[in-house]
Amino acid sequence: MTEGGSIAERLAAVRAAITRAARAASRDAERIALIAVSKSQPVEAIRAAYAAGQRDFGENYVQELQQKAEALRDLPDLRWHMIGHLQRNKARHVVREATLIHSVDSVELVKELGKRAADVRLAPERRFYPDEDRIAVLVEVGIAGEAQKAGVAPAELGAVLDAVDAEPALALKGLMCVPPFTPDPAASRPHFDALRALRDRHGGPERLPELSMGMTLDFDHAIAAGATLVRVGTAIFGLRQRRPE
Ligand SMILES: *Cc1c(COP(=O)(O)O)cnc(C)c1O
C-alpha cells in the first residue's frame, strides 16, 4: 500500500496496481472499475481525486452521501456508489443520488427501492451505465455465512435476485461481498471465488455482469478471482478517522 504522496500519486499507483493484477490474471483492465471509497474524507479530498480523473466514489452512510453530493453539485459527472448497509427508510434519498447501489440485502429493501425508484431518473452524465435509465443495483451476499451479519445468505440469494427482476424501475447488475477482515489478504480469496461461483449458479455473467469485491489490502486477489468493481479507500485517501458507533 502506498503511504506518502499526493492523492493524485496514490490514485495513479492504485490504477497501475489494478492494471498489473489484470495482466497477471490475463484479464482486460478496462473491465475493472475503480470505486474510490471516500467515507469520512473531506470534500476537498474528493475534489483532488476528481481533478486527477477519478469519477466513481463510494460512500457508506446515506446522510454523508447526501451532504457530499450537495457540496459537489458543480461536478456534473461525478458518480456516487452506495456501498454501506442501507436502511429501508433511507431508500428514497439514495435513489436520487447513487449511480449504483452495491448493498441491496433483502426482499423488503428491494420492494422499497423499486417503489422509490419509479419516478426517479438519474441525469445521463451521472449514469455508470450510459444507456440504463433504471436504478442499477447489486445484491450483497454474506459470503462467510453465520459469522457475518451483512448481506443475503447464499441460500436466499435466488429469491432476492428474482425480486429485483420483478421491479420495473430496478436494473440487476451483479453481486457484491465484503469478506470478514483478516490481516492476511490471501485469506479473502476463497470468499471471492465463492461469490463468483454463486454468480455462475444464478445466471452467470449475462444476468450478473458485475462482481463488486476487493478493497485496499486484497483488491489484487479479487481481480484474480474476477472482480469488475474494486472499492478502494485507504490506498487513495490515507487512513480514515474512526466513525463514532
Ligand atoms: C470502507 C470500505 C471499503 C474501502 O476499504 P479500504 O480498506 O479503505 O480500501 C470498501 N468497501 C466497503 C463496503 C467499505 O465499507
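In listed order, ligands and their atoms are each counted from 1.
Residue Val178 has no nitrogen or oxygen atom sitting less than 3.5 Å from a nitrogen or oxygen atom of ligand 1, judged on distance alone.
Using a 4.0 Å cut-off between charged side-chain N and carboxylate O, Arg47 and Asp74 make a salt bridge. Using a cut-off of 4.0 Å between Lys/Arg side-chain N and Asp/Glu carboxylate O, Glu59 and Lys68 are scored as salt-bridged. We find that Asp218 and Arg231 are not joined by a salt bridge, their nearest charged nitrogen and carboxylate oxygen being 4.0 Å or further apart.
The residue among Arg231, Met213, Lys39 with a heavy atom at the shortest distance from atom 2 (C) of ligand 1 is Lys39.
With hydrogens and angles left out, the side-chain atoms of Arg127 and Thr99 include no donor and acceptor closer than 3.5 Å. In this model, no donor atom of one side chain and acceptor atom of the other lie less than 3.5 Å apart for Gln67 and Tyr61.
Interface atoms of ligand 1 facing Val232, defined by a heavy-atom separation under 4.0 Å, are 9 (O). Remark: ligand 1 atoms within the under-4.0 Å shell around heavy atoms of Gly233 are 4 (C), 6 (P), 8 (O), 9 (O). Shown in contact with Asn60 at under 4.0 Å from a heavy atom are these atoms of ligand 1, numbered in order with element: 14 (C), 15 (O).
Of the heavy atoms in Thr216, both backbone and side-chain atoms come closer than 4.0 Å to ligand 1.
Of the candidates Leu172, Leu208, Leu109, Leu172 is the only one forming a side-chain contact (heavy atoms from CB on, under 4.5 Å) with Val139.
Under a 4.0 Å heavy-atom criterion, Arg240 is in contact with ligand 1.
Here the heavy atom of the protein found nearest to atom 12 (C) of ligand 1 is Ile83 CD1, 3.5 Å. Ranking the protein heavy atoms by distance from atom 8 (O) of ligand 1 puts Thr234 OG1, 2.5 Å first. When hydrogens are left out, the protein atom nearest atom 5 (O) of ligand 1 is Met215 CE, 3.5 Å; that is the closest non-hydrogen contact.
Note that the CZ atom of Phe128 and the CG atom of Leu122 stand 12.5 Å from one another [nearest 0.5 Å].
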